[in-house]
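Shown next, in structure tokens, is the structure this report addresses.
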Amino acid sequence: GRGGGRGKTSGRGHKGARARKGKPIPYVGFEGGQTPLYRRIPKRGFRNTRFQYNYAELNLDTLAHAVHTGRLETPAGEEIGLKELVDSGAVALSMHHAGVKLLGKGAEGFDMPVNIAVS
């Protein structure tokens with residue numbers, strides 16, 4: 001009944017969009033008729049997805065692990081090229097990658113001299 005907390009309007013209040021059946025709010029970001037925030041703020045920039053460069057990532061700890069396990073040979077004074085990195089499994093390249101980006105994760109534990117060919 002009325003005293004149960006779910007009587008008369010069943011907790012929906014009087015009138016308004018939330019009192020009607022169906023979805024109470026028209027869409028995400030709806031502000032009750034006021035211009036939504038995403039339309040008040042000016043557009044900035046664009047994403048050049050057609051010509052963007054995607055790089056295969058190589059962290060220093062991955063490189064060190066490949067050297068320590070013997071998968072990647074590093075003769076003194078010789079450069080490590082893209083072919084050696086791919087053959088050792090340190091980097092997985094596909095046709096979508098424009099190259100390799102060397103990242104710094106594991107730099108504090110990296111203690112070996114390595115020559116990497118840059119192109």
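These numbers were taken from a predicted model, which means no experiment stands behind them.
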Test item: R12 and R18 side chains (from C-beta on) under 4.5 Å apart, heavy atoms: no
Is any side-chain heavy atom of I80 less than 4.5 Å from a side-chain heavy atom of L72? yes
Which pairs of donor and acceptor atoms, one on a side chain in residues 30-39, lie under 3.5 Å apart (sequence neighbours left out)?
unit_1, atom_1, unit_2, atom_2, d
E31, OE1, Q34, NE2, 2.9
E31, OE1, R40, NH2, 2.9
E31, OE2, L37, N, 3.0
E31, OE2, R40, NH2, 3.3

Hey, what do you get for CG (L63) to CG (L103), rounding to the nearest 0.5 Å? 11.5 Å
For residues M112 and I116: do they belong to one hydrophobic cluster (side chain heavy atoms under 4.5 Å, members Ile, Leu, Val, Met, Phe, Trp, Tyr)? yes
Under 4.5 Å between side-chain heavy atoms, counting indirect links through other Ile/Leu/Val/Met/Phe/Trp/Tyr residues: same cluster for L82 and L60 or not? yes
Heavy-atom closest contact ([X] atom, [Y] atom, distance):
X	Y	result
A19	K15	CB-O, 3.0 Å
G81	A117	CA-CB, 4.2 Å
N59	G104	OD1-N, 4.2 Å

Under the salt bridge (Lys or Arg N to Asp or Glu O under 4.0 Å) rule, collect the residues that match up with D87, sequence neighbours excluded. K83
Any ring-ring contact (aromatic ring centres under 6.0 Å, His included) involving residues 49-92? Give me the pairs, sequence neighbours left out, ordered by first then second residue. none
Salt bridge (Lys or Arg N to Asp or Glu O under 4.0 Å) contacts touching residues 58-82 (sequence neighbours left out): none
Scan for salt bridge (Lys or Arg N to Asp or Glu O under 4.0 Å) pairs involving residues 92-117, sequence neighbours excluded, and state none if there are none. none
Could you work out, with side chain to side chain contact (heavy atoms under 4.5 Å, CB included) as the rule, every residue matching V91, not counting sequence neighbours? A56, L58, L85, L93, V100
